[in-house]
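Throughout, a chain's letter reflects where its sequence line sits, starting with A, and its residues are numbered from 1. Below, all heavy atoms of this structure are taken into account, side chains as well, without hydrogens, waters or symmetry copies.
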Amino acid sequence: MTTNGLYELRCRECGKTWGNVPRSFCEDCFSPLEVAYDYDSLKKIARRENLASRDFNMWRYSELLPLPEDFVGPNAVGGTPLVASRKLAAKWGLKNLYFKNDAVCFPSLSFKDRVVATALSAARRFHFTTVGCSSTGNLANAVAAQAAQQGFDACVFIPADLESAKILNTAVYGARIVRINGNYDHVNRLCAQIADRFQWGLVNVNLRPYYSEGSKTHGYEIAEQLGWTLPDNVVVPMAGGSLITKIAKAFRELVTLGWVEAKPVKFFGAQATGCSPISDGVKRNLSRFEPQKPNTIARSLAIGNPADGPFAIKQIRDSGGWAEDVSDPEIVDAIKLLAETEGIFTETAGGVTAGVTQKLIAQNRIKPDETTVVCITGNGLKTTDAIAAEFPASEAIAPRLEAFEAYLDAQLGVTVAGAKA
Amino acid sequence: MPVTIEIPTAFRRFTDGAPKVDCSAATVADALNELTSRFPDLSRHVRDDQGQIRQFLNVYLNEEDIRFLGGESCSLKEGDRVLLVPSIAGGC
């Protein structure tokens, strides 16, 4: 069931409403637009018990998304595991630690599948035939995959130096890839101009208000998987700063609808030190963040001029949370730690989030008895370059038992000759 | 210095539809002031009540965000392009 007519775009600063149009900013004050809902009407039709008969994917929350009338989700996006940590929780001294694992999101292995799913529903509604995006990689993968499935032409714009796996994971779906000599912020600016000139649906530009609503499903699922309760803490990676504000919006909506009980949730933002305009803004209590030139292996978070930075800073501060950042070596260590303890192989962004979580625990900002959810948003198979040097190939041995015994002796100092005797 | 200010579609209702405005200015601040004095209705969209460039309006000198060039006091040379881009989106 969808709720066409119960939502429209509203300016986040001046509050003016604009109906439903492919536009990301208010033409009066040029501030960002977001989707606003008629919650009083929603309360009458959006009921938690309706979910029981629905599959576990993001479309089970359709009433809470800006979908056109009669929309049917074309595939099972979302519905990812909330992994209850044992080994890492013990190591870090936490009683209730969870990893929300969008590294296994369908179809392209990142949380961007969620936002693209709602953006393409809007693209269809506005009769776009070509869709695209500015991307640090994951978004391009998601746009290319879902555009292929749904019959859109896709044209994506990426920084020229992106990881090869992320480029390949876009090209394979048949999308046109335009590599830009510049960083993501240059790509973004160009896409703002392209959206101004061409009648294309750029998912994170002129379709951004609809796109970003898809992020809420990450938050709905966390609450549902915790038995319709909210956690005490959420640790969220930040690039443009949108996801952290949308998880907060999801939690607020669930409280408004009476699906969960209200409780204070602290929001913690995670960035790489080499691109940390939002965490810097939180730590220095800036009223406006200062843009940075990114220099980090966490390229999916390398946005020096974050569109939602001011909102992310406010969300973090108002919730009583904090933001931190970690160096590139700390990111690599955290990727390995998460893999070795929880069996989750995340990309560099997940290394950032896990590394920052460790830091926040050491700072006593996250406490042992609290329930903490760490958001993992992308898959390690996409950024193998970042950790390849940590795992040099071992020497091959002959297919003989004696060779294996010699290998064990050399590697471990274990002599196994005559072990059976 | 003669420079060109590029106007996004959303602003053109304030510039009589002009996509570009040529002006003569020594700094980006001067260029913006000349633009808003020529098109006064645009003024409140460019600057906030404190006179600062609005938070969600991005200003570029050629390829670079002016915040990396020392802000709006950065100087202009002949033929420079000043770009106004509202509310850059993108990112997660």
Worksheet entry | Portion of B:Glu6 that has a non-hydrogen atom of chain A nearer than 4.5 angstrom | side chain
Worksheet item: For B:Leu83 and A:Gln193, which heavy atoms make the closest approach, and how far apart are they?
Response: CD2-NE2, 3.0 Å
Worksheet item: More than 12 heavy atoms of other residues, nucleotides or ligands under 6.0 Å from CZ of A:Arg179: is that the case?
Response: no
Worksheet item: Within a radius of less than 6.0 Å around CZ of A:Arg10, do more than 12 heavy atoms belonging to other residues, nucleotides or ligands occur?
Response: no
Worksheet item: When heavy-atom pairs shorter than 4.5 Å are enumerated against chain A, which of B:Glu63, B:Gln52, B:Arg44, B:Arg54 gives the highest number?
Response: B:Glu63
Fill in: Minimal non-hydrogen separation, A:Pro291 against B:Arg67, with atom names
CG-NE, 3.5 Å
Practice prompt. First locate atom CZ of B:Phe11, then atom CD of A:Glu27, and finally report the distance between them rounded to the nearest 0.5 Å.
Written response: 10.0 Å
Discussion item. Taking side chain as everything from C-beta outward and backbone as N, CA, C, O, which of these in A:Ser287 sits under 4.5 Å from a heavy atom of chain B? Side chain, backbone, both or neither.
Written reply: backbone
Practice prompt. Begin with the C-alpha distance, continue with both residues' side-chain angles, and end with the deciding distance and a verdict on side chain to side chain contact (heavy atoms under 4.5 Å, CB included) for A:Asp185 and B:Asp65.
Written response: CA-CA 9 Å; A:Asp185 297 298; B:Asp65 188 318; over 6 Å; no
Worksheet item: Relative to each other, are the rings of B:Phe56 and A:Phe311 parallel, tilted or perpendicular (30° and 60° limits)?
Response: parallel
Discussion item. Distance to the ring centre below 6.0 angstrom and angle to the axis at most 45 degrees; does that hold for A:Arg189 and B:Tyr60?
Written reply: yes
Worksheet item: Does atom CD of B:Glu64 have more than 12 heavy-atom neighbours, drawn from other residues, nucleotides or ligands, at distances under 6.0 Å?
Response: yes
Practice prompt. Against chain B, label A:Lys293 side chain, backbone, both or neither, depending on which of its atoms sit under 4.5 Å from a heavy atom there.
Written response: both
Item to complete: Could you tell me whether A:Asp28 atom CG has more than 12 heavy atoms of other residues or ligands within 6.0 Å of it?
Response: yes
Worksheet item: Above 12 or not: heavy atoms from other molecules or residues under 6.0 Å from CG of A:Asn181?
Response: no
